[in-house]
Amino acid sequence: MKIPSAISAMLAGIGLTLISLWYGQNHGLMPIAASEEAPWVDGLFNTMMTIATGLFVLVQGIIIVAIWRFRQRPGDDSDGPPIHGNVPLEVLWTAIPAVLIMGIGIYSFEVYNSMGGLDPMASHDSHTMQAQAQPGAAIAATLPENEPEADATPSKAKKMLALGVGASPKTQGQSPFVNVNVLGLQFAWIFTYPDLGITSGELHMPAGKEVQLTISANDVIHALWIPEFRLKQDAIPGRETELRFVPQTVGNYPLLCAELCGSYHGGMKTRAIVHTPEDYQAWVESQLAAQPESGNTVAINPAELSESDYLEPLGAEMGITPEAIAQLHN
Ligand SMILES: [Cu+2]
């Protein structure tokens with residue numbers, strides 16, 4: 001019995017749709033979603049995955065069917081029919097991707113907006129301070145004070161465009177629960193809690209509270225990336241970027257540099273730790289207790305010392321005289 005081709009095409013279409021819908025939800029490519037914003041990103045990703053799976057199966061399926069159906073039969077030396085374009089077909093395969101891309105574009109815009117990505121003017125005045133202090137940051141310099149009064153928005157013009165994810169429409173005007181200044185440098189991340197006076201090599205946060213990261217870089221461009229939060233933001237020398245989000249699931253997550261920044265880029269990683277609010281409080285107290293009473297710690301840069309100077313205090317502990325060291329390092 002021969003199945004009419006309209007029915008087999010419909011069955012193939014139903015099969016294709018079911019496979020795409022299933023795989024779009026079950027690709028298993030994402031780590032756990034640990035922030036409040038992550039499900040939005042996953043929704044967008046899963047939608048794109050569904051469409052991509054459908055297109056992949058469709059194109060590969062047509063290729064396989066065509067290879068089989070239009071293969072050369074024994075004794076057939078004729079040419080294929082000369083076909084020059086097909087207007088309805090071309091309109092169709094231009095219109096479908098155009099509609100899909102418009103749809104994905106609007107959807108991703110919506111996700112970005114709900115996350116707070118469309119808040120570029122909500123910068124703090126302090127954003128300009130660091131830029132002015134750095135000679136290489138001329139591009140980020142503020143406008144001169146004597147701008148014509150006629151300018152309708154002189155205060156806005158003086159502010160630098162904030163880059164990153166700021167307050168979402170939901171949290172506009174509220175201040176975040178935790179402020180953290182993040183510094184990226186070759187090859188480490190340093191987290192400073194300006195309201196608490198804590199400095200840490202790991203990012204500690206309470207679950208369910210809004211966190212604001214103000215990100216800058218010391219030397220070259222880095223990128224702060226927490227895959228489980230679905231958040232990534234460049235750290236740029238000479239200016240500040242921001243990420244504002246709500247960590248949700250208690251746990252330890254990798255925090256990586258996602259911008260090739262030098263020889264040890266691969267080692268530039270630490271942890272983002274989401275505590276319960278009680279554990280977070282305990283961590284804050286333990287950190288405060290551990291901070292020295294007077295912050296007069298002096299860091300020594302070994303590169304600025306001669307070998308003898310550098311080794312002297314170590315040698316003294318072992319009973320070796322500076323003269324003996326000087327002889328060794330002639
Ligand atoms: Cu880096």
Side-chain angles (χ1 to χ4, degrees), residues 29-35 37-38 41 45 112 115-117 119-120 123-124 126-141 160-166 176 178-194 196 198-205 211-247 251-275 283 287 297 299-304:
L29 292 173
M30 289 293 201
I32 73 153
S35 75
E37 290 77 4
V41 178
F45 184 81
Y112 197 48
M115 288 173 78
D119 187 25
S123 62
H124 320 292
S126 67
H127 281 194
T128 55
M129 279 163 48
Q130 204 191 25
Q132 285 171 327
Q134 301 208 1
I139 203 166
M160 258 197 348
L161 217 60
L163 294 178
V165 170
V178 191
N179 275 300
V180 188
N181 292 337
V182 182
L183 181 68
L185 66 160
Q186 287 170 318
F187 297 94
W189 294 106
I190 297 171
F191 304 95
T192 314
Y193 295 68
L196 302 167
I198 294 173
T199 301
S200 169
E202 296 173 326
L203 178 58
H204 292 256
M205 296 155 289
V211 176
Q212 159 98 39
L213 305 183
T214 306
I215 305 163
S216 58
N218 215 26
D219 32 44
V220 298
I221 299 177
H222 302 273
L224 181 128
W225 182 31
I226 309 171
E228 277 77 358
F229 291 179
R230 311 287 189 269
L231 290 171
K232 181 156 74 173
Q233 179 56 53
D234 276 4
I236 305 168
R239 67 170 302 173
E240 286 171 352
T241 56
E242 62 178 335
L243 271 185
R244 197 163 154 166
F245 57 94
V246 180
N252 289 350
Y253 309 107
L255 186 155
L256 315 158
C257 178
E259 189 77 63
L260 182 59
C261 60
S263 49
Y264 294 98
H265 161 71
M268 189 170 162
K269 57 186 170 192
T270 179
R271 297 190 300 169
I273 300 165
V274 182
H275 298 279
W283 175 79
Q287 290 298 302
T297 318
I300 295 173
N301 183 354
E304 286 169 2

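Counting starts at 1 for both ligands and their atoms, following the listed order. By convention here, the first residue in the shown sequence is residue 1.
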Exercise for the section: Mind checking side chain to side chain contact (heavy atoms under 4.5 Å, CB included) for Lys232 and listing every partner two or more places apart, or none if nothing turns up? Expected result: Trp225, Ala258

Practice task
Quick one: do Ile273 and Trp283 satisfy side chain to side chain contact (heavy atoms under 4.5 Å, CB included)? Show the steps, please.
Solution key: CA-CA 11 Å; Ile273 300 165; Trp283 175 79; over 6 Å; no

Problem - Polar contact flag, side-chain donor to acceptor under 3.5 angstrom, Gln233-Glu242 - result: no

Handout entry: Pairwise distance NE2(His204) to CZ(Phe191) - rounded to 0.5 angstrom
Key = 9.0 Å

Fill in the blank from the handout: Sequence neighbours excluded, the answer for side chain to side chain donor-acceptor pair (under 3.5 Å) partners of Asn252 is none

Problem - Distance below 2.8 Å from the Cu ion (ligand 1): protein N/O/S atoms - result: His222 ND1, Cys257 SG, Cys261 SG, Met268 SD

Problem - Residue pairs passing the side chain to side chain donor-acceptor pair (under 3.5 Å) test where at least one lies in residues 259-271, sequence neighbours excluded - result: Glu202-Arg271

